[in-house]
There are 2 protein chains.
Amino acid sequence: MKRRRSVARAAKTKPGKNAAPPKCAPKLALGQLDRHLGYFLRRLQIWVFQDFIETLRSMKVRPAQYSVLLLIEANPGRSQAVIGQTLGIERARLARLLHEMERRKWVARRASGSDARSHSLHLTADGEKELAKIKSLAERHEARLADHVGPKRHRQLMDLLRDFG
Amino acid sequence: MKRRRSVARAAKTKPGKNAAPPKCAPKLALGQLDRHLGYFLRRLQIWVFQDFIETLRSMKVRPAQYSVLLLIEANPGRSQAVIGQTLGIERARLARLLHEMERRKWVARRASGSDARSHSLHLTADGEKELAKIKSLAERHEARLADHVGPKRHRQLMDLLRDFG
DNA sequence: TATTGTTATACTCTATAACTATA
DNA sequence: TATAGTTATAGAGTATAACAATA
């Protein structure tokens, strides 16, 4: 043993794959984990995020960005505070997120008429055009998800989760 | 406006609350978000993690650590590779996670008899004692979760999510 | 005094690369 | 050559603190 303190210093020799290989599942006992809804929720959530990110890689859009774009589209002119509260995104984080989307010319922050402190958020023409493409990829992702869990289970989960909260 | 470049430099005056206030929900239109299972999955997942972390704050145990402890308890002697694959935790991250748990004297890494490269993982007596406390707190969290979504929905979600995968 | 948006910092988590010891 | 475990680093995401402008 003794494998510590002897490390890489940006030597760069070969690519070297390190990602978790598919392999056969080892099938361990889950113990108490089997009684935690959060565990199963999280397993599926990981799958969803990975598939979403993979499916939308060409557009370089992450789940949080996508949700912000959709919310601005459905509620143009609202403030950052309201968008952030609805999605549960910290206003500090949302500020940086929007800065990036402004840089990409997808979103415009205009002065609010009623309150000089707040910005009113809008999609640009470019943003709307790009969002159309993004939405079609997101639909492809959703179809894959329905296929992954089974169409019936997909519908049941949607019903259960949507009409609470 | 013009609120950029004029910033804090560890001035430290007052605590100042910055966290998202509860407030009344602004009730925005969700648009296409309403058709994405991942969105609702994530909303609930965020609630679960926050409640779990809060409930187990006194033990300083996070969800990933908890899942590793349970899996070692249910499968003593297995290797890091197998534990990590089962939980979907990168081996790099698991190594640091276990380093921390070893420091706390909850987990012991022993040499494997069959393969000198791998470690076999076990709970220490201390680890088992602490895990008992942790599990009782985790049960309290699970009860709160059942209360949050409703006992019936909790059971339905568990059934749907458990028997797939 | 409180709120909106901003920047900064620290920590967790994920992903990847590179290294060692061993197979 | 491949695998198990380690360390390092970079990027998201979360949480918190502090600030300027405004209410």
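In the text below, chain A, chain B and the rest are named by the order of the sequence lines, each starting its count at 1.
The pair B:R109-B:E102 meets the salt-bridge criterion, since a charged nitrogen lies less than 4.0 angstrom from a carboxylate oxygen. Look at B:E73 and B:K135 and you find a salt bridge, because one of the NZ, NE, NH1 or NH2 atoms lies within 4.0 Å of a carboxylate O, short of that distance.
Closest to the side chain of A:A116, from the set D:dT7, D:dT22, D:dT16, is D:dT22. The side chain of A:A95 lies closest to C:dT6 when the candidates are C:dT6, C:dC13, D:dT7. The side chain of A:A81 lies closest to C:dT4, out of C:dT16, C:dT4, D:dG13.
Side-chain nitrogen and oxygen atoms of B:R91 include none within less than 4.0 Å of the OP1 or OP2 phosphate oxygen of D:dA4. Checking the phosphate oxygens (OP1, OP2) of D:dT14, a side-chain nitrogen or oxygen of B:R42 falls inside 4.0 Å. Contact check, A:R109 against C:dT6: a side-chain N or O comes under 4.0 Å of OP1 or OP2. An OP1 or OP2 oxygen of D:dA23 is reached within less than 4.0 angstrom by no side-chain nitrogen or oxygen of A:R117.
C:dT12 atom P lies 12 Å from atom NZ of B:K60, rounded to whole Å. The separation between B:I53 atom CD1 and C:dC13 atom C1' is 11 Å, rounded to whole Å. The distance from atom CG of B:L94 to atom C1' of D:dA4 is 11 Å, rounded to the nearest whole Å. D:dT14 atom P lies 11 Å from atom CG of A:L87, rounded to whole Å. When the P atom of C:dA15 is taken as reference, atom CD of A:E54 falls 11 Å away, rounded to whole Å. Between B:D115 atom CG and D:dT3 atom P there is a gap of 12 Å when expressed in whole angstrom units. Distance, A:L98 CG to C:dT4 P: 15 Å, rounded to whole Å. Atom CZ in B:R57 sits about 8 Å away from atom P in D:dT16, given to the nearest Å.
In the region residues 61-80 of chain B, proximity to DNA chain D at under 4.0 angstrom, judged on heavy atoms, holds for B:S79, B:Q80. The stretch residues 30-41 of chain A does not touch DNA chain D, since none of its heavy atoms comes less than 4.0 Å from the strand.
A residue-by-residue look at A:R96 and B:R96 shows that A:R96 has its nearest nucleotide of DNA chain C further toward the 5' end. Between B:S114 and A:I46, it is A:I46 whose nearest contact on DNA chain C lies nearer the 5' terminus.
For A:A29, the side chain to side chain contact (heavy atoms under 4.5 Å, CB included) partners are B:A74, B:N75, not counting sequence neighbours. In this view, A:A146 and A:H154 satisfy the side chain to side chain contact (heavy atoms under 4.5 Å, CB included) rule, not counting sequence neighbours. By the side chain to side chain contact (heavy atoms under 4.5 Å, CB included) test, A:K133 pairs with A:M59, A:E130, sequence neighbours left out. Annotation: side chain to side chain contact (heavy atoms under 4.5 Å, CB included) contacts of B:E100 (sequence neighbours excluded): B:Q65, B:R103, B:R104.
Side-chain atoms of A:T124 come within 3.5 Å of backbone atoms of A:K105 as a donor-acceptor pair (strictly under, hydrogens ignored). The main-chain N or O of B:R91 is never found under 3.5 Å from a side-chain atom of B:Q80 such that the two would form a donor-acceptor pair.
At a threshold of 4.0 angstrom between heavy atoms, the contacts of B:Q50 are confined to the sugar-phosphate backbone, with no base atom among them.
For the residue pair B:L97 and B:A64, the shortest heavy atom distance occurs at CD1-CB, 4.2 Å. B:F52 approaches B:R62 most closely through the heavy-atom pair CE2-C, 3.9 Å.
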